[in-house]
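Since the model is a prediction, treat every value here as computed from it, not as a measurement. So you know, we letter chains A, B, ... as the sequences are listed, proteins then strands, and number each from 1.
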Amino acid sequence: MAKDSLPASKGLERLVEALRVLPGVGPRSAQRMAYHLLQHDRAGADQLAQALAGALSTVRRCARCHNFTEEEVCALCRSPRRDASLLCVVETPADLAVVEQTLSYSGMYFVLMGRLSPLDGVGARDIGLDRLLARATDGEVQEVILATNFTNEGEATAHYIAEMLRARDIKVSRIARGVPLGGELEYVDAGTISQALLDRRNI
Amino acid sequence: MKRRAEHEAGYVLHTYPYKETSLIVEAFTRRFGRVAMLARGARRPRSAMRGVLLSFHPLRLSWSAPAELGNLISAEWSGGLRPLAGRGLMCGFYVNELVLRLLPRDDPHEVLFDSYGETLSRLAGDGPFASVLRGFEKRLLAELGYAPLLDRDAASGAPIDPEARYVYEPDRGPMPVRNSHSNDLLVSGRTLLDVAADDYARPETRDEARTLLRALIGERLHGQVLHTRTVLKELNDL
């Protein structure tokens with residue numbers, strides 16, 4: 001029997017529609033999720049509803065680093081063990097998490113929540129460059145490390161931040177790029193090797 | 001129409017995320033012009049196309065095109081061009097936006113393609129880039145069939161007098177100044193001749209040529225806004 005012919009309730013329809021906002025969820029999976037929640041796991045559905053409502057009302061952006069937090073200033077930004085003279089600029093919270101995983105960086109962060117993308121009309125205001133400027137010039141920060149992606153958009157973002165900060169006499173650096181750790185040249189793509197040659201350094 | 005293209009010289013103009021792991025690629029190829037194709041799985045962490053499907057790098061593209069949207073089969077790095085950086089990179093975005101907005105799909109423009117490659121290699125240099133951009137804008141208009149009239153008075157056909165001033169009417173060309181209006185596009189004869197000769201040594205020529213070509217490009221955009229211009233302006237205001 002065709003799915004379309006099912007007599008749908010308004011509430012169910014709205015739920016299916018709402019679930020489709022999730023990435024990778026099409027009409028079919030949204031319907032499956034909705035049936036599952038209502039049929040087999042009403043307690044789970046209640047938990048989901050409350051967690052979602054709760055997160056929406058309590059989670060906000062940290063005033064200093066722009067990452068998600070429930071407080072005015074997040075725990076990382078308040079930590080006395082972090083080096084307040086270093087500020088690492090990343091595109092997303094996921095990027096921040098990766099840098100944290102290295103355990104080799106103990107400074108502060110600024111999360112842009114995006115990147116400049118001129119062809120999509122994403123500009124300076126959309127990624128909070130004015131707030132980054134204010135943060136970087138607060139007197140505490142001695143060096144800004146640009147860890148945006150090595151895509152054209154990430155490069156453009158890094159370039160403009162660097163220009164903006166250099167004009168204000170703040171030290172700016174860019175994370176290095178090249179052959180990955182443990183990388184064998186034979187298996188590395190040509191673009192990366194070509195960049196590695198351009199960015200070679202004296203030893 | 002079913003066709004298959006193999007190892008065609010081309011550049012990525014822009015990519016858009018499609019579904020969870022794929023990309024829609026807008027490419028500019030030498031023999032097929034501007035084409036759109038779907039790169040399935042290109043956003044997967046281990047995709048071989050990751051790191052290859054970048055703008056401003058010469059590529060060899062293979063795709064099959066059963067319908068309007070082709071399927072990208074492979075993209076290979078063909079190298080030989082320094083990566084754009086800084087201001088040159090920003091100009092590159094602008095050039096790509098011009099091609100995306102103005103060049104119709106599936107319409108080969110080999111001369112423009114070669115001029116695009118030349119433009120990129122000049123943008124990879126040190127600048128200044130004003131003459132590079134004006135040269136490309138002029139070439140693009142010419143390829144679209146709207147080559148600006150620069151050496152003759154559109155009303156009388158007389159050669160342009162370098163000492164005179166003209167009102168440039170986008171649809172016709174330079175006209176002698178009669179009773180000028182505030183929104184007229186005024187341009188000096190000297191500038192018209194300089195643009196015709198691709199000589200941008202004079203600062204006045206650079207300023208006037210920028211305004212002139214912006215107006216002519218604007219005519220062809222039919223009210224579309226160029227995002228790269230807006231973004232650049234905002235950045236310069238910081």
Side-chain angles (χ1 to χ4, degrees), chain A residues 22-26 29 94 98 114-134 136-137 148-168 174 177-180 187-199, chain B residues 11-17 19-22 26 43 47-60 75-101 124 224-238:
Chain A
L22 291 167
V25 175
S29 359
V98 174
R115 65 207 66 90
L116 289 179
S117 187
L119 282 166
D120 300 307
V122 179
R125 237 182 305 264
D126 302 300
I127 58 169
L129 286 195
D130 44 345
R131 278 160 302 186
L132 168 60
L133 190 60
T137 51
T148 52
N149 286 336
F150 284 100
T151 54
N152 287 309
E153 285 77 9
E155 285 284 342
T157 310
H159 169 75
Y160 274 94
I161 297 175
E163 294 252 294
M164 190 173 88
L165 296 178
R166 247 186 251 121
R168 289 159 176 90
R174 178 90 168 104
R177 72 179 140 196
V179 180
Y187 303 110
V188 174
D189 67 283
T192 302
I193 295 185
S194 130
Q195 273 295 345
L197 282 168
L198 280 174
D199 291 353
Chain B
Y11 295 89
V12 169
L13 292 171
H14 196 40
T15 58
Y16 306 89
K19 293 200 174 160
E20 267 299 85
T21 58
S22 301
E26 283 277 4
R43 277 157 68 224
S47 164
M49 291 199 198
R50 227 166 215 275
V52 179
L53 289 177
L54 297 175
S55 300
F56 315 125
H57 291 291
L59 301 175
R60 290 279 167 180
E76 289 156 57
W77 177 268
S78 76
L81 196 63
R82 276 176 55 198
L84 302 193
R87 196 148 282 270
L89 177 57
M90 220 40 168
C91 294
F93 284 126
Y94 169 70
V95 167
N96 277 7
E97 188 167 26
L98 286 183
V99 176
L100 276 169
R101 296 291 176 94
Q224 297 181 83
V225 179
L226 289 177
H227 287 316
T228 40
R229 258 189 213 146
T230 323
V231 168
L232 199 61
K233 190 175 173 302
E234 201 182 288
L235 283 167
N236 290 336
D237 292 345
L238 271 176

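Neither the backbone nor the side chain of B/Thr230 comes within less than 4.5 Å of any heavy atom of chain A. Within the 4.5 angstrom heavy-atom criterion, only side-chain atoms of A/Leu116, from C-beta onward, approach chain B. Contacts of A/Glu153 with chain B are made by both backbone and side-chain atoms, with heavy-atom separations under 4.5 Å. Looking at B/Tyr94, neither its backbone nor its side chain comes within 4.5 Å of chain A, counting heavy atoms on both sides. In this structure, the portion of A/Leu198 lying under 4.5 Å from any heavy atom of chain B is its side chain and not its backbone.
Side-chain atoms of B/Leu89 and A/His159, non-hydrogen and from C-beta on, never get closer than 4.5 Å to each other. Taking the side chain as every heavy atom from C-beta outward, B/Leu232 and A/Tyr160 approach each other to under 4.5 Å. By the 4.5 Å heavy-atom criterion applied to side chains, B/Phe56 and A/Asn152 are counted as neighbours.
Scanning both residues, B/Phe93 and A/Ala156, for their nearest heavy atoms gives CE1-CB, 3.8 Å. Of all the heavy atoms in B/His227 and A/Pro118, the pair that sits closest is CB-O, 3.0 Å. Residues A/Ala190 and B/Trp77 approach most closely at CB-CD1, 3.3 Å, considering heavy atoms. The shortest heavy-atom contact between B/Leu235 and A/Ala124 is CD2-CB, 3.8 Å.
The most heavy-atom pairs under 4.5 Å with chain A, out of B/Glu76, B/Lys19, B/Arg87, B/His57, come from B/Arg87. Options B/Arg82, B/His14, B/Met90 differ in how many heavy-atom pairs under 4.5 Å they form with chain A, and the most are formed by B/His14.
Under the salt bridge (charged side-chain N to carboxylate O under 4.0 Å, His left out) criterion, the residue pairs touching residues 224-236 of chain B are A/Arg125-B/Glu234, B/Lys233-B/Asp237, with sequence neighbours excluded. Counting only residues at least two apart or in different chains, salt bridge (charged side-chain N to carboxylate O under 4.0 Å, His left out) contacts with residues 90-100 of chain B comprise B/Glu97-B/Arg101.
In this structure, CG on B/Leu226 lies 9.5 Å from CG on A/Leu119, to the nearest 0.5 angstrom.
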